[in-house]
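Below you'll find the structure, written out as structure tokens, and then a few comments.
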2 protein chains.
Amino acid sequence: MDLSERQLQILQAIITDYVENAEPVGSRSIAKKYDLGVSPATIRNEMSDLEEMGYLTHPHTSAGRVPSDKAYRLYVNSLMKKKNLSAKDKKLINDRLSASRDEFDRTIRHAAELLSEITNLASFAMTPATNDETISFIRLMPVEEKTIILMIVSESGSVTNTTLRLPVPCTAESLELLSKNMTVNYRGRTLDDVLKNEIIEDVGSDIEALAALRGNVMPSFIRTLEDMLNVNLYMEGMTNIFNLPEYSSIDRARDFMELFAQKDWFTQKMLARDDGVVVTIGEENDSLKDCSLITASYHVDGRLVGKIGVIGPTRMKYDEVTSIMEYLTNNLSESFRLTDGSETGDGSG
Amino acid sequence: MDLSERQLQILQAIITDYVENAEPVGSRSIAKKYDLGVSPATIRNEMSDLEEMGYLTHPHTSAGRVPSDKAYRLYVNSLMKKKNLSAKDKKLINDRLSASRDEFDRTIRHAAELLSEITNLASFAMTPATNDETISFIRLMPVEEKTIILMIVSESGSVTNTTLRLPVPCTAESLELLSKNMTVNYRGRTLDDVLKNEIIEDVGSDIEALAALRGNVMPSFIRTLEDMLNVNLYMEGMTNIFNLPEYSSIDRARDFMELFAQKDWFTQKMLARDDGVVVTIGEENDSLKDCSLITASYHVDGRLVGKIGVIGPTRMKYDEVTSIMEYLTNNLSESFRLTDGSETGDGSG
DNA sequence: TATTAGCACTCATCATCTGAGAGTGCTAAT
DNA sequence: ATTAGCACTCTCAGATGATGAGTGCTAATA
């Protein structure tokens, strides 16, 4: 049962009005503000039908109508028109991101900050999942007699390291040897692959001292690989939601904040979402039943996929927010394109 | 004008009761619950005097009394008795910290988690300020033709690195040479020293290619040193405060949360506090006028000083919280004592 | 002199009530 | 098919009054 042109217009008007004012919309105000050429009574009848079809709800008899999740979904899928970013916002994004372009994590954090500043909602940004990153080389370095640094470098140039203490001293030569040994062994393999398919124990055992050293290093190696898999999550603007009428009750606000206190859970959730701009509305989210969640993905070196997102009430300016996120992720992907040498890696300052 | 023994008893009783129930305390309930051997009327008179002296306040005529900041200060300084941790809490702390002892940052985060769990307040923990850390060595490593890794290792074994791209290719030998060169130059100097006293430009200029490379590396070197100075701040249990009656108003809750959204500002504030267990109450804090803040410091390798802290309403169980923090920081300092080789640096798992 | 009982008084809180206003839903006219 | 008219419903804000906790003062008491 498709909606008539007029019904769509009315629904659109109600959504626009409700998103703006956060108050149930009455037939009279629609008739007055939006020039639909019909009387409030007609609009009332249509509203009644729309409610029957599940697009509107009714807080109580004598209140106006409020759009349902279904209405927002329809809006996002068909009604919504693409919005152009204001020149001001574009400038803001360009300026702020370029200032930190060569520092990966800082840039990601700035993206989250920008997103919450421009949208006035809660936002997050996370570094890419690195399951498919491949190992480039492994290096062991002496610090003190029994202290060494273990360093793993991935193909995309990201580095993770750990400092570890050995039960017995070791020589610089044996560290060098084991470094080469491990590099040969693991170079080109993905983190997931190495972590899942356990450790191969058959290399280097011809020299006993080396085998012992290897035994001491392996647990740290594995743990460091796990560290490498961790994505960093930056959250910003959580307090913005306090300014919204839907969170004026302390309980609502608490529920909201508590969701984000569980960072690990949240990260997993976000990683699982599809790439590209994805909008989920109200009940479509498992938790967050009265929130909408918009995520978008950016690319690093054209491959790795990181995510940014915005969380707010279902009453949200979907058109604006999606546009901002599209612009922002394009900008990020552009920043993180490593194919040619135009970026020197150190800033001008 | 000193307080009489009886006045102290009454004040103590009021504080105990108010901390427990968060409601203004009346003379009758004091007389009933705490066996002071005097009638409500006498207590009323004393309360009136205490109010005149600024130890109590009066929300309105017919309400009971509430302790003022001054009262809490007196309590913390003289009245409070040291509390023993419950065996349960001790076990919790021992178990949870030992599980992550060899991973520095993780341990710090766990400390913050523990603190908020046990106190049911908001907590934070931060890694030590590293101004006085000295540089141990600097290493440059090739990744690809024009991509290299810059790595700085401090005396205490902490490592910071950055990946940078050069405008022109460089040889492994020149990287090696510059590494040595820089290490000789900076070894033993503190981060602060190096950052403040600008860069010495007179070394290695005898080889032109090396000087050029050095010019390309220095900006990243400085930035990486700055990174090294950054302390990590972990905040936990922010949502705990929603359960407290003093934050049942959305405005209060918002103010509270907004303070902690400014992480940099907060970090600076906390770094500036004295070492040891420090309690500041209400107005004694610049911002946070109706909060109390308790911080304590732990030591790494007996030298570097990190901080943990708890933030809550002035109505707080000062005795319990300070005890917990003392126990926790002792435990942390113990964990981070690096003097002998008993710790292998890699876990048993 | 210090303490206490007694009592009038104050004030917040809660439940109840009221009128105003917004908005609907239905019916009958256009 | 649309619209005007009107009764009806329900929320909201303000007013009212009862309740009860707790004080502050006074006069009696040990």
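We use all heavy atoms of the structure for the numbers below, so side chains are in, but hydrogens, waters and symmetry mates are not. Below, read A as the first sequence line, B as the second, and so on, with proteins coming before strands; counting in each chain starts at 1.
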In whole Å, what is the span from the CE atom of B:Met47 to the P atom of D:dC25? 15 Å
Return the 5'-most residue of the pair B:Glu46, B:His60 with respect to DNA chain C, ranking by each residue's nearest nucleotide. B:Glu46
Are any of the side-chain nitrogens in B:Glu51 or B:Arg65 under 4.0 Å away from the carboxylate oxygens of its partner? yes
Is it the case that the base of D:dG22 and the side chain of B:Arg28 share a donor-acceptor contact (distance under 3.5 Å, atom types as modelled)? no
From CD of B:Glu23 across to P of D:dT23 the rounded distance in Å is 14 Å
A:Glu51 CD - C:dG23 P separation (whole Å): 15 Å
Would you call the rings of A:Tyr318 and A:Tyr72 parallel, tilted or perpendicular if under 30° counts as parallel and over 60° as perpendicular? tilted
What is the distance from CD1 of A:Ile14 to P of C:dT24, rounded to the nearest Å? 9 Å
note: B:Glu52, atom CD; D:dG24, atom C1'; distance rounded to Å ~ 13 Å
Is the gap between the ring centers of A:Phe124 and A:Phe260 under 6.0 Å? no
Distance check needed: C:dA5 C1' versus B:Ile43 CD1, whole Å only. 14 Å
Has B:Thr42 got a side-chain N or O lying under 4.0 Å from the OP1 or OP2 atom of C:dA2? no
Of all the nucleotides listed (C:dT10, D:dT3, D:dG24), which has the minimum atom distance to the side chain of B:Ser62? C:dT10
Per atom distances to the B:Ser39 side chain, the nearest of C:dT4, D:dT3, D:dT23 is C:dT4
Would you say B:Arg65 places a side-chain N or O within less than 4.0 Å of OP1 or OP2 belonging to D:dA21? no
Can a salt bridge be assigned to the pair A:Glu284 and A:Arg73 using a cut-off of 4.0 Å between side-chain N and carboxylate O? yes
Just the rounded figure in Å: distance from C1' of D:dC10 to NE2 of A:His58. 10 Å
Taking the side chain of A:Ala41 as its heavy atoms from C-beta onward, which of D:dA4, C:dT4, C:dG25 lies nearest to it? D:dA4
Of the listed D:dT23, D:dT3, D:dG5, the closest approach to the A:Arg44 side chain comes from D:dG5
Now, which nucleotide makes the Watson-Crick or G-U wobble pair with C:dC11, with each of the two distances under 3.5 Å? D:dG20
Are A:Tyr247 and A:Phe242 close enough that their ring centers fall under 6.0 Å? no
What's the closest nucleotide to the side chain of B:Arg6 if the choices are C:dT3, C:dT24, D:dT3? C:dT3
On DNA chain C, check which nucleotide each of A:Thr61 and B:Asn45 is closest to and give me the residue with the more 5' one. B:Asn45
Using Watson-Crick or G-U wobble geometry with both distances under 3.5 Å, which nucleotide pairs with C:dA28? D:dT3
